[in-house]
Amino acid sequence: MPELPEVEVVRRGLESWVAGRTVAAAEVLHPRAVRRNAGDLPAQLKGRTLASAERRGKYLWLPLRDGASGEEEPGEALIAHLGMSGQLLVVDPLSPIEKHLRVRMGFADGGLELRFVDQRTFGHLLVAPMTAGRGRPVPEPIAHIAADPLEDAFDDAEFAVRLRLRRTGIKRALLDQSLISGVGNIYADEALWRARLHWARPTETLTRPKIAELLAAVRAVMTEALGQGGTSFDSLYVNVNGESGYFDRSLAVYGRRDEPCRRCGTPIRREAFMNRSSYSCPKCQPRPGNARP
């Protein structure tokens, strides 16, 4: 599933190619793409302007304003969640229809259109009201999502306190979107390797300096991934122009079972974790005696 860097790459593309444009018409080609939407999505979008492109964690949204008057309507936004295979593509309206096209939007200027393509149909679009969020207004359905580590609203000191109170394994805490959003399996493993922490290290044993080191590692790996367009293990993870990222070439541990650690040369291990996998270095990240699953 796309994590924060991949979603941010898409957000930047939407900001460049879609923000400020008025929707002339929208078409839903598969009902699952709008299964969580209350009402008729094409009617909700027609004549309205996508004011900007925003993101928190793995969620994208485009605040809506009235296309005729230009007045802001902070009460609603179009949310896009990519799920496991969702793509938001900016393409020529005359280009061939993609096999898994779910929703398409044309604009009043007659230029490039926006298409939501989703092979596995786990993603969705919906129009939702805005509400007060943690640090800034957000769409109501994601009000429970914590600020992500690249946001100004993220409070390092508050995170440290809440993390230690969780009394769980550190990786499980990093994947808790109510504690810190945007971190998924890939970047959790990469950040833990950089901070020399095993994924099962109990959160209450972490000192404030170690938590600060871990946050620095999370931010560093995500920033580097952003600079390389994110991580793409297959053709499903692309930006709005259909291009894949290449941070997978720089991964230190994730997906590198039995390959040498880039720091010490020890073969990388793979361990089962929450119906998924965790990758780490046995030497750099020894399993603690009081580890939690």
Side-chain angles (χ1 to χ4, degrees), residues 1-8 11 54-61 79 81-84 128 131-226 230-231 253-254 271-280 285 287-288 290-293:
M1 180 178 291
E3 299 180 30
L4 185 157
E6 291 76 48
V7 178
E8 174 62 14
R11 187 207 67 79
E54 310 289 336
R55 180 195 53 75
R56 168 161 283 180
K58 304 173 188 179
Y59 283 86
L60 291 163
W61 71 91
I79 303 177
H81 186 53
L82 301 180
M84 294 184 69
T131 188
R134 299 180 184 182
R136 63 184 174 122
V138 298
E140 194 172 79
I142 63 170
H144 65 288
I145 300 294
D148 68 58
L150 299 187
E151 280 188 75
D152 292 338
F154 190 89
D155 188 322
D156 289 26
E158 179 187 358
F159 171 77
V161 171
R162 295 181 65 202
L163 179 70
R164 286 174 52 83
L165 291 174
R166 286 300 163 101
R167 303 186 70 83
T168 187
I170 182 58
K171 182 174 178 179
R172 189 181 291 268
L174 287 176
L175 299 183
D176 184 346
Q177 302 298 296
S178 68
L179 179 65
I180 178 173
S181 66
V183 183
N185 210 35
I186 296 174
Y187 297 112
D189 280 358
E190 292 297 303
L192 290 169
W193 178 81
R194 293 187 182 210
R196 297 175 182 261
L197 288 169
H198 187 273
W199 58 266
R201 171 79 175 266
T203 55
E204 67 271 20
T205 67
L206 297 173
T207 63
R208 286 184 177 272
K210 196 62 180 178
I211 294 172
E213 182 183 346
L214 175 59
L215 279 176
V218 169
R219 289 177 172 129
V221 71
M222 287 187 166
T223 300
E224 290 172 26
L226 268 172
T231 301
V253 288
Y254 188 86
E271 299 174 281
F273 170 78
M274 292 176 62
N275 296 319
R276 287 178 278 188
S277 299
S278 271
Y279 296 88
S280 59
Q285 302 165 267
R287 186 180 181 93
N290 56 347
R292 285 199 172 91

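- Tested against Asp189, the residues Arg194, Arg276, Lys171 include a single salt bridge (Lys or Arg N to Asp or Glu O under 4.0 Å) partner, Lys171.
- Scanning for side-chain hydrogen bond (donor to acceptor under 3.5 Å, both in side chains) contacts around Ser277 gives Arg270, with sequence neighbours left out.
- Applying the side-chain hydrogen bond (donor to acceptor under 3.5 Å, both in side chains) test to Ser178 and every residue at least two apart in sequence or in another chain returns Asp176.
- Put simply, the side chain of Glu271 reaches to within 4.5 Å of the side chain of His198, judged on heavy atoms.
- Using a 4.5 Å heavy-atom threshold, the side chains of Ile180 and Leu175 count as separate.
- Residue Pro5 comes nearest to Leu226 through the heavy atom pair O-CD2, 3.5 Å, listed as atom of the first residue, atom of the second, then distance.
- By the side chain to side chain contact (heavy atoms under 4.5 Å, CB included) test, Pro137 is found to be paired with Met130, residues two or more places apart in sequence or in another chain being considered.
- Taking every heavy atom of both residues into account, Leu163 and Ala173 meet most closely at CD1-CB, 3.5 Å.
- Looking at residues two or more places apart in sequence or on another chain, you find no side chain to side chain contact (heavy atoms under 4.5 Å, CB included) involving Ala216.
- Proximity of Trp193 to Ser280: side-chain heavy atoms (C-beta onward) are nowhere separated by under 4.5 Å.
- Scored by the side chain to side chain contact (heavy atoms under 4.5 Å, CB included) test, Ala146 finds Arg134 as partners (sequence neighbours excluded).
- Applying the ring-ring contact (aromatic ring centres under 6.0 Å, His included) test to pairs two or more places apart or on separate chains, those with a residue in residues 147-186 are Phe154-Phe159.
- Side-chain contact between Tyr59 and Arg11 is absent, with no heavy-atom pair separated by less than 4.5 Å.
- For Gln177, the side chain to side chain contact (heavy atoms under 4.5 Å, CB included) partners two or more places apart in sequence, or in a different chain, are Lys58, Ile145, Ser181.
- Here the side chains of Leu165 and Val161 are in contact, with some heavy-atom distance below 4.5 Å.
- Side-chain N or O atoms of Ser278 include none that pairs as donor or acceptor with a backbone N or O of Phe273 at under 3.5 Å.
- A search for salt bridge (Lys or Arg N to Asp or Glu O under 4.0 Å) contacts involving Glu151 returns Arg56, Arg136, not counting sequence neighbours.
- For the pair Leu214 and Leu174, the minimum side-chain heavy-atom distance is below 4.5 Å.
- The list of salt bridge (charged side-chain N to carboxylate O under 4.0 Å, His left out) pairs with a residue in residues 205-214, not counting sequence neighbours, reads Lys210-Glu213.
- Distance check, rounded to the nearest 0.5 Å: CH2 of Trp61 to CD1 of Ile79 gives 8.5 Å.
- With a 4.5 Å cut-off on side-chain heavy atoms, Pro149 and Leu4 count as touching.
- Among residue pairs with one or both ends in residues 152-164, those qualifying as side-chain hydrogen bond (donor to acceptor under 3.5 Å, both in side chains) are Asp156-Arg219; sequence neighbours excluded.
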- Item | Pair Leu60-His81, side-chain contact (heavy atoms from CB on, under 4.5 Å): steps then yes or no | CA-CA 6 Å; Leu60 291 163; His81 186 53; over 6 Å; no
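- Between Tyr254 and Asn185 there is a side-chain heavy-atom pair separated by less than 4.5 Å.
- Seen from the ring of Trp199, Arg172 does not count as a face-on cation partner, given the 6.0 Å and 45° thresholds.
- Applying the side-chain hydrogen bond (donor to acceptor under 3.5 Å, both in side chains) test to Gln285 and every residue at least two apart in sequence or in another chain returns nothing.
- For the atom pair CG (Leu206) and CG (Leu197), the distance works out to 6.0 Å, reported to the nearest 0.5 Å.
- Looking at residues two or more places apart in sequence or on another chain, you find a salt bridge (Lys or Arg N to Asp or Glu O under 4.0 Å) between Arg55 and Glu8, Asp148.
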